Participant: 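The structure follows.
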There are 2 protein chains.
Amino acid sequence: MEAITIKDIAKALNLSTSTVSRALRNSYEINPETKRLVMEYAEKMNYRPNPIALSLKDSKSKSIGVIIPEIANHFFSQLINGIESIAYNLGYHVVIFQSHDSYEREVANTNYLVSRKVDGLLISLASLTTNLFHFQDLMEKGLPIVFLDRVPKEIETHKVVADNFDGSYRATVHLIESGRRRIAHVTSPIYLSITTERLAGYKKALEDFDIPFDESLVKYCIYGGKVVEENEAAMEELLNLPEPPDAFFTASDRLTTGCMAVLQKRHIKIPEEIAIVGFTNISVAELLNPPLTAVVQPAMEMGQQAVELLIRLIEHPQKTGDYEIRSLQTSLILRDSSVGSKVNIKVS
Amino acid sequence: MEAITIKDIAKALNLSTSTVSRALRNSYEINPETKRLVMEYAEKMNYRPNPIALSLKDSKSKSIGVIIPEIANHFFSQLINGIESIAYNLGYHVVIFQSHDSYEREVANTNYLVSRKVDGLLISLASLTTNLFHFQDLMEKGLPIVFLDRVPKEIETHKVVADNFDGSYRATVHLIESGRRRIAHVTSPIYLSITTERLAGYKKALEDFDIPFDESLVKYCIYGGKVVEENEAAMEELLNLPEPPDAFFTASDRLTTGCMAVLQKRHIKIPEEIAIVGFTNISVAELLNPPLTAVVQPAMEMGQQAVELLIRLIEHPQKTGDYEIRSLQTSLILRDSSVGSKVNIKVS
DNA sequence: ATGAAAGCGCTAACAA
DNA sequence: TTGTTAGCGCTTTCAT
């Protein structure tokens with residue numbers, strides 16, 4: 001009934017637990033015959049070592065913790081799929097938690113994972129996280145951490161990100177070349193890395209085309225579109241500007257769909273009156289009305305690379321420095337929300 | 001540096017570990033003064049009991065395992081949010097795994113969770129699962145399990161489902177009343193509970209309106225739309241029928257968007273030529289082209305109720321029988337994909 | 001080549 | 001009221 005233990009095997013075979021352990025672990029000094037006996041019996045009884053006991057013993061768990069803002073978002077669920085596929089093959093389990101963009105939740109999840117002795121952490125920062133002590137502390141204690149997507153400048157470790165600057169630059173250039181001049185940028189809180197990078201790409205594009213940057217065209221949404229009112233308020237202000245925007249460049253799934261909903265409600269024609277480009281991995285972009293032009297991140301691949309780096313860190317602890325920052329290409333997929341005809345362009 | 005243990009406290013305060021344990025645990029026979037001392041010191045040193053040691057000791061973990069087909073699906077991610085919100089408040093941690101609809105993965109995940117001593121399991125069956133032994137076995141050993149959404153007939157325990165029959169019935173009636181007669185039903189594998197229930201609702205509606213059931217109008221997609229070709233092949237066959245359908249009733253997110261994509265590719269007008277209603281929780285139904293009529297499940301609530309039942313089971317083990325099957329209402333949201341004007345109807 | 005014993009952190013039965 | 005001891009399952013010195 002209850003799971004069989006090493007002790008049971010020892011008793012059955014009239015051996016000591018240490019001998020059994022050695023046999024199972026394929027250890028050095030062990031009689032081949034004894035080993036065979038133990039192996040066979042263990043196999044027959046379907047013995048499985050108790051991972052909890054192992055964790056208690058050496059503070060390891062062959063599992064990694066993942067903390068992301070939220071699961072109900074295509075970018076993040078693709079990220080997870082990438083993470084899982086690799087981790088699974090390398091024999092690690094993945095424990096997923098959502099921070100719901102709350103600092104407190106992020107800290108609580110982190111503590112839990114650490115107390116459960118995960119071997120490493122994969123983090124995409126909550127938008128409300130400004131204090132990084134909970135991670136810095138762990139890093140100093142030697143816990144491997146890799147950040148992805150939303151990464152902190154202040155912490156030195158491996159990081160995997162999309163080339164946000166470039167994706168944003170291309171999207172903006174595309175809008176400009178399509179004749180837009182008043183391009184609004186609706187984005188996430190300013191203290192997220194993705195926000196500043198995307199903002200920078202946006203600004204650079206304007207600059208390259210000699211369009212003056214207008215602060216009033218940029219809206220930072222603390223809740224990233226999760227609070228409908230916030231999003232609507234931002235849209236409201238933009239649309240009521242003396243010189244309203246002729247295009248929207250939105251920085252996330254929620255922000256994008258939120259904006260589209262508002263435009264639709266107001267019966268504003270897309271793209272005739274206002275064009276829209278979203279930085280989003282939403283799966284049904286093609287089916288939207290109109291089909292949505294999007295900057296798509298290689299989410300799956302980002303997840304894969306991040307775990308690879310993490311597991312490398314776990315299995316071959318580095319002394320110091322020499323951390324990688326991998327920046328992956330995004331793709332700009334052109335659709336009707338910003339142009340008439342459909343074209344796919346791989347951004348380099 | 002390293003986490004502080006009960007032993008450290010004992011040493012520092014010149015007590016035995018058991019006394020410290022008792023003080024912390026607020027146990028009976030304990031000198032208030034001693035207790036205060038211990039508490040204070042523990043607080044000061046930021047003592048946290050090691051959950052692994054606790055799990056090893058009493059084979060409990062204050063955590064519950066969740067296995068669902070996939071995360072990248074709004075229905076399931078909402079389910080998870082419901083689960084987490086309640087579990088969190090009741091002091092349980094939630095460990096999420098995806099089966100990716102594979103039987104092997106489901107078994108592997110189950111074994112892992114059990115070996116990690118989760119206190120209970122919340123399961124939505126993989127579409128390729130036909131053998132239920134891995135769950136039956138655990139139930140016999142007394143591990144609390146609650147099923148939700150995709151539930152097995154053969155296992156007696158708490159179950160939480162949407163009223164699939166009713167939702168499906170209403171959707172079909174709606175299509176019939178809108179003048180459709182050749183209603184195709186594109187659905188998941190037949191051995192899933194949701195499939196048979198939805199099929200039954202569909203049939204009943206036809207029957208009530210004296211429309212003969214036509215087997216050739218029903219397509220079962222083994223991969224539930226995850227394999228594009230399968231979906232397209234099904235559509236192909238349906239559209240090439242001597243008497244092709246004038247409406248589609250699709251049973252999941254993927255199936256729905258897949259169908260829409262095919263119709264769009266073929267330039268078939270929705271709803272003029274073919275109407276479509278999806279059994280889906282997709283978040284952007286309103287923004288699709290055309291806006292999609294949908295049967296929406298109360299996913300969040302289903303998750304909440306399921307954990308509640310599970311935790312009740314964990315904390316107050318029942319001897320036998322007397323299990324609940326909760327069936328929650330769905331909502332039929334009418335939009336342009338099946339009608340001209342927009343109306344919301346709460347299905348009873 | 002094998003066994004005895006200690007220890008990972010904690011709790012609980014038993015002594016004192 | 002407090003301390004001692006054993007044990008959860010496993011690995012790993014240290015003896016033998």
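Chain naming here is simple, since letters A, B, ... match the order of the sequence lines and numbering starts at 1 in each. Bear in mind the structure is a predicted one, so any value in this text is a computation, not a measurement.
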Participant: Both conditions, 6.0 Å and 45 degrees, for the charged tip of Lys62(B) above the ring of Tyr92(B): are they met here?
Facilitator: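 Yes; both conditions hold, so Lys62(B) lies above the ring face of Tyr92(B).
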
Participant: Rounded to the nearest Å, what distance is computed from the CG atom of residue Asp58(A) to the P atom of nucleotide dC10(D)?
Facilitator: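 The distance from CG of Asp58(A) to P of dC10(D) comes to 12 Å, rounded to the nearest Å.
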
Participant: Under 4.0 Å, heavy atoms only, any strand: does Thr5(B) hit a base, just the sugar-phosphate, or nothing?
Facilitator: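 Thr5(B): backbone/sugar contact only, no base atoms under 4.0 Å.
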
Participant: Between Thr17(A) and Thr34(A), which residue's closest nucleotide on DNA chain C lies nearer the 5′ terminus?
Facilitator: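 Per heavy-atom nearest nucleotide, the more 5' residue is Thr34(A).
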
Participant: Within residues 39-48 of chain B, which residues have any heavy atom lying less than 4.0 Å from an atom of DNA chain D?
Facilitator: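 Close to the strand, none.
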
Participant: Got a second to check how far Leu121(A)'s CG is from Phe147(A)'s CZ, nearest 0.5 Å?
Facilitator: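 One gets 8.0 Å once the value is rounded to the nearest 0.5 Å.
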
Participant: State which residues pass salt bridge (Lys or Arg N to Asp or Glu O under 4.0 Å) with Lys117(B); sequence neighbours excluded, sorted by chain then number.
Facilitator: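 Scan of Lys117(B) (salt bridge (Lys or Arg N to Asp or Glu O under 4.0 Å), adjacent residues dropped) gives none.
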
Participant: For DNA chain D, whose closest nucleotide is more 5', that of Asn31(B) or that of Lys7(A)?
Facilitator: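 Final value for this comparison: Asn31(B).
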
Participant: Between Lys62(A) (NZ) and dC10(D) (P), how many Å, whole number?
Facilitator: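 Going from NZ in Lys62(A) over to P in dC10(D) covers 18 Å.
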
Participant: To the nearest Å, how far apart are Ile4(A) CD1 and dC10(D) C1'?
Facilitator: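 For the pair Ile4(A) CD1 and dC10(D) C1', the rounded distance is 14 Å.
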
Participant: Is Glu308(A) close to Ile86(A) at the side-chain level, that is, under 4.5 Å between some pair of heavy atoms?
Facilitator: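 Heavy-atom side-chain distance check passes, below 4.5 Å.
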
Participant: From CD1 of Ile6(A) over to P of dG7(D), roughly how many Å is that when rounded to an integer?
Facilitator: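 Result: 17 Å.
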
Participant: Specify the residue among Thr19(B) and Leu54(A) whose closest nucleotide of DNA chain D lies further upstream toward the 5′ end.
Facilitator: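 Comparing both residues, the 5'-ward one is Thr19(B).
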
Participant: Looking at Tyr223(A), I'd like to know if its OH atom is crowded, meaning that more than 12 non-hydrogen atoms belonging to other residues, nucleotides or ligands lie closer than 6.0 Å.
Facilitator: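 Atom OH in Tyr223(A) is not packed in, count stays at 12 or less.
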
Participant: Tell me the interatomic distance from Leu56(B), atom CG, to dG7(D), atom C1', rounded to whole angstroms.
Facilitator: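 Rounding to the nearest Å, CG of Leu56(B) and C1' of dG7(D) are 9 Å apart.
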
Participant: May I ask you to check whether Tyr41(A) and Tyr47(A) place their ring centres under 6.0 Å from each other?
Facilitator: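 Ring centres of Tyr41(A) and Tyr47(A) not closer than 6.0 Å.
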
Participant: Please identify the 5'-most and 3'-most nucleotides of DNA chain C with any atom under 4.0 angstrom from a heavy atom of chain B.
Facilitator: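 On DNA chain C, the outermost contacted nucleotides are dC8(C) to dA13(C).
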
Participant: Determine the contact category for Leu15(B): base if any of its heavy atoms lies under 4.0 Å from a base atom, sugar-phosphate if only primed atoms, P, OP1 or OP2 are that close, otherwise nothing.
Facilitator: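 Sugar-phosphate contact only - Leu15(B) comes under 4.0 Å of backbone atoms but never of a base.
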
Participant: Touch check for Ser55(A), heavy atoms < 4.0 angstrom, all strands: base, sugar-phosphate only, or nothing?
Facilitator: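 Nothing: the residue Ser55(A), judged by heavy atoms under 4.0 Å, touches no strand.
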
Participant: Does CD belonging to Glu43(A) count more than 12 external heavy atoms closer than 6.0 Å?
Facilitator: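 Counting neighbours around CD of Glu43(A), 12 or fewer heavy atoms of other residues, nucleotides or ligands fall under 6.0 Å, so no.
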
Participant: Is the cationic atom of Arg105(B) (NZ for Lys, CZ for Arg) positioned less than 6.0 Å from the six-membered ring centroid of Tyr88(A) and within 45 degrees of its normal?
Facilitator: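 Output yes; distance and angle both within limits.
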
Participant: Could you tell me the separation between the NZ atom of Lys11(A) and the C1' atom of dG9(D), rounded to a whole number of Å?
Facilitator: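 The distance from NZ of Lys11(A) to C1' of dG9(D) comes to 13 Å, rounded to the nearest Å.
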
Participant: With a 4.0 Å limit, can you tell me whether Arg25(A) has a side-chain N or O closer than that to the phosphate oxygens OP1/OP2 of dT11(D)?
Facilitator: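 The answer is yes; a side-chain N or O of Arg25(A) sits under 4.0 Å from OP1 or OP2.
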
Participant: Atom CG of Leu24(A) and atom P of dG9(D): how far apart are they, to the nearest Å?
Facilitator: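 Atom CG in Leu24(A) sits about 15 Å away from atom P in dG9(D).
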
Participant: I need the Leu113(A) CG to Ile64(A) CD1 distance, nearest 0.5 Å.
Facilitator: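 Between Leu113(A) CG and Ile64(A) CD1, I get 10.5 Å after rounding to 0.5 Å.
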
